[in-house]
Amino acid sequence: MPPVYRIRSGSGRRSNPLTLRRFRTKMPPMPYAPREFERRWQERWVEQGTFRSEIDPSRPKFYVLDMFPYPSGEGLHVGHPKGYVATDVFARYKRMRGFNVLHPMGWDAFGLPAEQHAVKTGQHPAVTTARNIGRYREQLQALGLSYDWTREVDTTDPGFVRWTQWIFARLFERGLAYEAEVPVNWCPKLGTVLANEEVRDGKSDIGGHPVVRLPMKQWMLRITEYADRLVDDLEQVDWPEHIKKMQRDWVGRSEGASARFALVGHEGGVDVFTTRPDTLFGATYVVLAPEHELVGRITSEEQRNAVETYVEAAGRKSDRARMIESGEKTGVFTGAYATNPVNGEPVPVWVADYVLISYGTGAIMAVPGHDERDYAFAKTFGLPIVEVVTGGDVSVQAFSGEGIAVHSGLLDGLPTDEAKTRIIDWLEEQGVGERTINYKLRDWLFSRQRYWGEPFPILHLEDGTKKLVPDDQLPVELPMIDDYAPSGDFEPPLARAREWVETTDPETGQPARREANTMPQWAGSSWYYLRFIDPHNEDALFSPDAEKYWMNVDLYVGGAEHAVLHLLYARFWHKVLYDLGLVSTVEPFQKLLNPGMIQGKSYRCFSDESDGDTKYYSPGDVRFEGEVPVHVGSGRQLSEEWVEPGDVRWNGGRPLAPSVDVELEEVIEKMSKSRGNVVNPDDVVHEYGADSMRLYEMFMGPLDRAVPWSVDGIPGVHRFLARVYRLYTDEDPDGVDAPRKHAEGDGTDGQRRLLAKTIDKVTRDFESFDLNTAISQLMVFARDIEKDGPMPASIAQPFLLLLSPLAPHLCEELWQRQGHTESLAYETWPEADADLLVDDEVEIAVQVQGKVRAKIRVPADADEEAVLAAAMAVDNVQKHAGDGKPRRVIYVPGRLLNIVV
RNA sequence: GCCGGAGUGGCGGAACUGGUAUACGCGCGCGACUCAAAAUCGCGUGGCCCUAGGUCAUGUGGGUUCGAGUCCCACCUCCGGCACCA
């Protein structure tokens, strides 16, 4: 049976036809033809080494860095360039301000997609990676980005891998890398373990596959040792506050106390961690995590069955299941009692899965009166609730705020802060507790069961010891293998490369086995910014001179999705290198900016195929039960159907499905292959030129805000550039463009003022990354500069310089046609004449009772009296102000006059 | 649930430390040029009232102020992050 109409769901895509259709009808034959010269300039910049940077102590340096991309098979989409263009504009601007700018680009090229492609096709990941890199490089170059391509780095290059392994060796020597049997996030679908940071809601960050917890032997990095510094040093960097906060929350430092509850009838006791030691007198029971080692020892005979059953069930539950159930408290009494150290009261010891083994001591003192979770648990199991802090009503709910201590012996009458200090002192005196700091941050799980990653420079000797491959034998390169698939038995693919794995210790000649796990993708990106400063150094990571001159990164731009992964890892490695004396800055990235996403628009409806005959429904007929779409009428479960933007039928501004009258829902979200909403920048560059593309992305709105991609505004910026082109071009009768010979002289007063204002505005906006408003000022200039006469050369030249960071190809071209032989990339940035920025005459708004009734022009230096007189002379002001004396007059010089009657 | 961020014309957005809301661009309308069209250029363009002018408009409702998009309180919606971390 033929389908009712073509509609697609899920994956499988081709390029978006909608974009091109619209361009073609609007694209004019126009003298401004960027295609004729943009490529020429791109080639010239590379050939002449225009953007090569070398250490030059006579000039201040500026290091502008983009987060380097993973070169995927799809190539760039229009979202990528947003950050790259912004940094490029800034780099070009800084060069013109006399800075020696370092602006490199490279590839974060290890990673799962290339490996999965290899599993499917058998093609070596290095081959696809090289091809993808070539494509990315071309796409970036087509945008005219001013990278120093001689510094390009590739994390998969043996010359780079060597130093990644070298850093690992230093971590190992310092005891910061170790192997441990830990419960890990195993993803069966991906065939590898994942770091905590790579798992969301019990699913893998990449691909959204289920993840299970399993104990496995893995490499760990002791990032927790740096927890305090990772929090404290955030003070020193100029980052968006929300990113700093995410990092602080991720490290999760909390200050409190540990206290020991002695066990009744057993040796030893239970250590608990609490941030509210002031509520110790309200602790009416103790809870152990199911995995806690005491559970087996202290459970009474009567309770043993129940406890074992519970512990086993809890162990089987995935984190996802535990999360969904959070709120409903479950648990079992162990039959044992512990003694509250502050009042000697016996309290029951329970086991419950709301206590996590991985945090603190894996055991808590429960204070149901002042902790919501404990309260819910106590209510469920009928445990006593005692109020020990005033301020709430514990018969209704837990009160977790601060207040005055009551029913608390020596703490009675003390406010929370003082009570905390007092009780900790007391615990320490009695030897039953102490001041303690805890972190949410766990050590970094650093090994992966994959092929396409850096091998560990580790040898396992027969006696079970581990040793490093000597530095002079690095890098340990990946062996060629022919099967990249995960084995399904937790073994990494490298374990099957027997000839590679079985080797000898180069120092003793004894048999040894190579480590078969590989490093995660985060390894290379944790230090690549340091390699850029001296990328070809074969004797060291980088030379001390280069480090001293170039570090740290002055401006780092990249997606907020890396707030806690890459940025935390890189800071950690940097601090280790700092401790080794290799880098001189405490932090790697001084200023951080996060460009907002460019989103795609996609269209969906819902389908019901349960009758065999497919029916389609608009979003209006659908409601959601959790994440499942259900038809409002029949209650039947539906599935989502996505329509390509190019196939949408527009009817009175409403999107309809291609051949059936079903209204579609427009969904704005991250561009992704599966939605068919990816737009390739090549199409835009081809139709309008790189300068238009650059300008448009910067003009769409503030850098840090997410915006849906739309082609509608591109003709506007293109027209602006065409207008600029015409300002510098005479149309020859033969149809050949000739450079325009601009007039001598300074131009009119209005022209000089307009230039000064434009210089001032553009400069300030560049400094604060408000590129959209800088562009609007440049547009105003181009619109108005010839309103009262032809533009003289003295104004034409500085304007080209102002525009050049944004539209470098056009400006270089016009600069050259004006007779210059050198690139304008290093011309001095124009300076505004301060005298011209102040107007002689200003427009003042005249308000009566705060409402604007007239606008008058007065000399800029007019005093209040004069302005008031001028204002009262206006009929409409008279009318509203009446005859009486104004009760009050507010005068804001240069802005407004408000008359209150 | 908690923590951030954001809600301004038909659309993307602008508005310095409380001081003329809607810059700039898109779209739309009108005009010039043209045999004509395209392109280009110029003018207009928040709603309502017939105009001079008035009036209402920055998510909603209050408040502070001579004056609020901007500050305060309460709420709604969207986006992002975290989510039993004791």
Side-chain angles (χ1 to χ4, degrees), chain A residues 25-31 200-201 240-243 245-246 249-250 252 254 256 272-276 279 287 322-323 325-329 352-356 358-361 363-367 370-374 376-377 400 438-442 560-561 563-564 594 596-597 599 653 668-669 695-696 699-702 704-708 710-717 719-720 722-723 726 764 770 772-780 783 843-855 875-876 879 886-901:
Chain A
T25 55
K26 301 267 158 94
M27 190 60 199
M30 205 188 268
R200 263 161 232 257
D201 297 346
E241 208 42 57
H242 70 277
I243 301 285
K245 189 175 178 305
M246 280 165 71
D249 289 351
W250 192 265
S254 53
V272 300
F273 172 73
T274 176
T275 54
R276 288 298 297 273
T279 62
V287 187
R322 263 161 93 145
M323 202 189 75
E325 289 164 18
S326 73
E328 300 161 34
K329 297 283 180 283
D353 67 1
Y354 82 94
V355 174
L356 309 176
S358 55
Y359 184 76
T361 60
I364 61 153
M365 63 174 206
V367 185
H370 304 282
D371 181 284
E372 282 167 34
R373 298 153 298 182
D374 298 342
F377 191 83
S400 54
N438 249 306
Y439 304 90
K440 278 198 259 188
L441 184 70
R442 304 268 73 87
E561 65 270 24
V564 284
N594 304 117
M597 244 185 323
Q599 297 152 315
I668 292 171
E669 57 190 354
L695 215 56
Y696 179 57
F699 189 59
M700 285 173 84
D704 57 3
R705 204 178 305 179
V707 244
S710 137
V711 292
D712 298 340
I714 298 182
V717 292
R719 264 200 286 276
F720 159 64
R723 182 171 207 150
R726 287 195 307 274
R764 280 187 291 117
D770 294 317
N772 53 333
T773 51
I775 293 167
S776 95
Q777 180 61 38
L778 292 165
M779 287 172 165
V780 169
R783 186 191 62 192
E843 191 184 65
I844 298 266
V846 181
Q847 298 182 336
V848 179
Q849 310 289 73
K851 291 193 184 224
V852 180
R853 298 300 178 186
K855 293 174 184 181
D875 286 351
N876 201 39
K879 189 172 127 197
R887 211 179 49 153
R888 192 174 158 197
V889 175
I890 292 122
Y891 179 51
V892 183
R895 292 202 172 267
L896 61 76
L897 182 83
N898 188 9
I899 299 164
V900 186
V901 291

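Keep in mind that the numbers below use all heavy atoms, side chains included, and drop hydrogens, waters and symmetry copies. Residue numbering restarts at 1 for every chain, and letters A, B, ... go by the order of the sequence lines.
When each of A:Val287, A:Thr279, A:Asp374, A:Asp371 is paired with A:Met365, the side-chain contact (heavy atoms from CB on, under 4.5 Å) condition holds for A:Thr279 and for no other.
In this structure, B:rG67 makes no Watson-Crick or G-U wobble pair, since no nucleotide meets both defining distances under 3.5 angstrom. If you check B:rG80 for Watson-Crick or wobble pairing at under 3.5 angstrom, you find it paired to B:rC3. Look at B:rC41: its Watson-Crick or wobble partner, with both distances under 3.5 angstrom, is B:rG31. Nucleotide B:rG61 is matched to B:rC73 when pairs are restricted to Watson-Crick or G-U wobble geometry with both distances under 3.5 angstrom. Base pairing of B:rA36: no nucleotide in any strand meets the Watson-Crick or G-U wobble criterion (both distances under 3.5 Å).
Looking at A:Asn898, its side chain comes within 3.5 Å of the base of B:rC66 through a donor and an acceptor atom. Within 3.5 Å, no donor on the side chain of A:Arg723 pairs with an acceptor on the base of B:rC41, nor the reverse. Not a single donor-acceptor pair, N or O on each side, falls under 3.5 Å between the base of B:rU20 and the side chain of A:Gln847. Side-chain atoms of A:Lys329 come within donor-acceptor range of the base of B:rC84, with a qualifying N/O pair under 3.5 Å.
More than 12 non-hydrogen atoms from other residues, nucleotides or ligands lie less than 6.0 angstrom from CD of A:Gln849.
Under the 6.0 Å distance and 45° angle rule, A:Lys329 counts as a cation-pi partner of A:Tyr354.
Take the nearest nucleotide of RNA chain B for A:Val717 and for A:Arg705: the residue whose nucleotide is more 5' is A:Arg705. A residue-by-residue look at A:Gln777 and A:Ile899 shows that A:Gln777 has its nearest nucleotide of RNA chain B further toward the 5' end.
With salt bridges taken as basic N to acidic carboxylate O contacts below 4.0 Å, none links A:Lys879 and A:Asp875.
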